[in-house]
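Note that ligands are numbered from 1 as they come in the structure, with each ligand's atoms numbered from 1 the same way. Just the heavy atoms: all of them, side chains too, but no hydrogens, waters or symmetry mates, feed the values below.
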Amino acid sequence: MSIKQYLDKNQERFLEELIELLKIPSISADSAYDKDVAIAADFIKEKLIAAGAENVEVCATDGHPIVYGDKIIDESLPTVLVYGHYDVQPPDPLELWESGPFEPVIKKTDLHPQGAIFARGACDDKGQAYMHVKAFEAMLATDNLPCNVKFMIEGEEESGSENLEPFCRANKERLACDVILISDTSIIANDCPSITTGLRGLSYVEVEVTGPNRDLHSGVYGGAVANPINILSKMIASLHDENNHITIPNFYDDVEIVSSEERYAMNQAPFSQEDYQNDLDINEIHGEKGYTTLERTSIRPTLDCNGIWGGYIGEGAKTVLPSKAFAKISMRLVPHQSSDKITKLFKKHFESIAPKGVKVKVTPHHGGEAAVTPTDTPEYQAAHQAMEKSFGKAPIPARSGGSIPIVALFEEVLGVKTVLMGFGLDSDAIHSPNEHYGLFNYYKGIETIPYFYQYYTELKK
Ligand code: BES
Ligand code: ZN
């Protein structure tokens with residue numbers, strides 16, 4: 001049987017299995033779901049074993065486990081290491097979901113006329129990681145696996161992958177490979193395939209502004225004491241100037257200057273500002289002066305407040321001048337910016353702009369470095385050929401705005417380059433309510449992956 005015939009024959013089961021996986025609320029950031037995270041790890045383990053992987057193990061870490069498995073058919077052949085994650089982002093705000101985040105349903109949308117599966121993690125990254133398990137199953141079952149495979153599917157990507165680095169360092173030998181293959185990114189459109197050639201880095205901090213030692217009556221004290229919420233809002237607003245440049249001193253010092261040729265090329269990718277605005281229901285785009293939307297979301301660093309709270313947020317009105325205000329702030333970074341350095345610059349600046357009437361505390365969270373993947377390598381060429389074969393159209397290279405910090409880490413620790421062959425769409429609502437993944441994309445991914453193995457093995461000969 002050919003791989004194609006096998007895929008056609010097993011299409012329905014592949015979807016049913018993904019639906020089972022999507023029912024498990026493996027939210028890594030919330031310890032109330034630790035058991036479910038472990039259940040999802042076991043699910044992956046069982047499916048890897050069923051597909052024919054060997055040495056399958058749920059490896060304990062100080063956090064959530066990493067599932068490992070491999071199939072070594074011949075030491076002299078190349079080895080592909082597949083990385084993915086089975087954990088998901090918290091689903092809230094729950095009231096904005098049209099169906100339960102862990103009750104997968106299939107619905108048609110304008111961009112997914114063949115249907116899409118709606119559930120948290122459908123696209124990021126259960127659906128995409130599971131494509132690899134099914135592609136592997138199909139290659140083995142039809143006697144078409146052309147090289148060695150290793151799987152490393154982790155359970156805390158969405159909360160910073162803190163235990164992955166020690167795991168990689170301690171398991172260098174076990175993870176030795178020629179290339180890392182990841183499907184955790186997007187393509188431009190279903191009729192415009194692309195391969196991700198860059199990811200942004202991340203610095204994430206939490207800030208706390210403290211004013212008076214207790215909540216105060218806003219009539220009795222209001223006007224005479226610094227209100228932490230007013231102050232925090234002003235401090236956050238001051239982090240951008242009128243051109244939407246970030247005002248933190250030395251923030252841009254190390255930013256990679258992208259050549260005008262490359263900028264020109266990236267702006268040739270199909271992009272409709274009108275569609276973009278309509279999709280988001282906004283009347284105007286916004287961002288750093290001098291850059292296009294495609295540039296602002298890929299080659300430029302950004303700073304965004306992700307959450308802000310303090311004071312009274314219950315029903316009705318309570319006249320209170322709060323003692324504290326808080327915010328979570330992320331900075332997306334570009335090549336050559338160091339996450340640690342930027343976190344330090346932020347802390348120094350934020351503390352320096354606080355008026356004397358408040359105290360400021362900055363707490364760093366996880367971070368990670370940006371990554372660019374070259375296009376003149378056998379792995380990029382293999383991905384290019386594989387997508388061209390399955391989509392019937394050559395993919396274009398495109399830098400993405402998201403972060404997968406372990407890509408830079410893999411290069412440092414394992415000395416291996418990554419191919420980012422993702423199949424989602426930016427409009428699939430990852431990290432948002434009503435996340436979904438097109439059935440077309442799921443099956444197209446499963447179809448494309450074996451071509452990658454085949455072309456990669458041929459190109460490495
Ligand atoms: N799959 C995403 C990253 C991504 C999304 C890359 C879209 C390219 C296009 C990944 O799971 C993710 O969300 N990563 C986090 C970083 C992490 C340190 C929490 C992110 O980008 O916010
Ligand atoms: Zn992801």
Side-chain angles (χ1 to χ4, degrees), residues 21-22 26-30 40 63-64 82-91 119-132 152-165 180-189 193-206 269 294 296-299 301-307 328-334 339-340 342-343 364-373 397-410 418-432 435-437 441 445:
L21 176 60
L22 290 170
S26 47
I27 307 162
S28 57
D30 187 342
H64 298 299
V82 175
Y83 165 85
H85 60 97
Y86 63 81
D87 66 318
V88 300
Q89 285 271 325
R120 169 59 84 231
C123 175
D124 185 11
D125 178 46
K126 285 174 174 172
Q128 298 211 57
Y130 205 63
M131 297 180 319
H132 286 272
M152 176 168 60
I153 314 290
E154 73 149 320
E156 44 189 26
E157 197 272 350
E158 298 292 7
S159 45
S161 301
E162 269 173 49
N163 295 292
L164 197 67
E165 179 170 352
I180 292 155
L181 178 61
I182 304 180
S183 297
D184 194 18
T185 52
S186 39
I187 50 175
I188 292 172
S194 56
I195 298 173
T196 302
T197 51
L199 293 161
R200 287 196 282 194
L202 183 70
S203 156
Y204 200 108
V205 295
E206 189 162 328
L294 288 175
R296 287 169 180 167
T297 53
S298 62
I299 56 163
T302 58
L303 183 151
D304 277 291
C305 184
N306 295 239
K328 291 182 193 278
I329 294 171
S330 68
M331 289 160 279
R332 295 282 170 177
L333 311 177
V334 296
S339 166
D340 279 349
I342 291 294
T343 303
H365 280 270
H366 53 254
E369 311 306 336
V372 273
T373 61
R399 289 216 211 178
S400 166
S403 307
I404 308 181
I406 38 83
V407 172
L409 196 94
F410 284 149
T418 293
V419 178
L420 295 159
M421 194 169 73
F423 294 88
L425 297 183
D426 282 346
S427 54
D428 284 344
I430 63 171
H431 297 204
S432 295
E435 174 176 353
H436 54 278
Y437 190 40
N441 304 68

Check your understanding: In Å and rounded to the nearest 0.5 Å, what is the NE2 to OG1 distance from His365 to Thr343?
Key -> 11.0 Å
Check your understanding: Is any side-chain heavy atom of Asp124 closer than 4.5 Å to a side-chain heavy atom of Val88?
Key -> no
Check your understanding: Rounded to the nearest 0.5 Å, how far apart are CD of Glu156 and CD of Glu162?
Key -> 7.0 Å
**Study point:** Close side-chain approach of Tyr437 to Phe423, heavy-atom, < 4.5 Å
**Key:** yes
Check your understanding: Rounded to the nearest 0.5 Å, how far apart are CD of Glu369 and CG of Leu199?
Key -> 12.5 Å
Exercise for review: Only protein N/O/S atoms count here: give how many lie under 2.8 Å from the Zn ion (ligand 2).
Suggested key: 4
Point to revise | With sequence neighbours excluded, residues passing ring pair (Phe, Tyr, Trp, His ring centres under 6.0 Å) with His132 | key: none
Practice item. With sequence neighbours left out, write down each residue that passes side-chain hydrogen bond (donor to acceptor under 3.5 Å, both in side chains) with Arg296, or none if nothing qualifies. Key: none
Practice item. Would you check ligand 1 and list the protein residues that come within less than 4.0 Å of it by any heavy atom, ordered by chain and number? Key: His85, Asp124, Glu157, Glu158, Asp184, Thr185, Leu199, Leu202, Arg332, His366, Ser400, Gly402, Ser403, Ile404, Pro405, Ile430, His431
Practice item. Kindly say whether the aromatic ring centers of Tyr86 and Tyr130 come within a distance under 6.0 Å. Key: no
Review point. CZ/Arg200 to OG/Ser298 distance, rounded to the nearest 0.5 angstrom?
Key: 7.0 Å
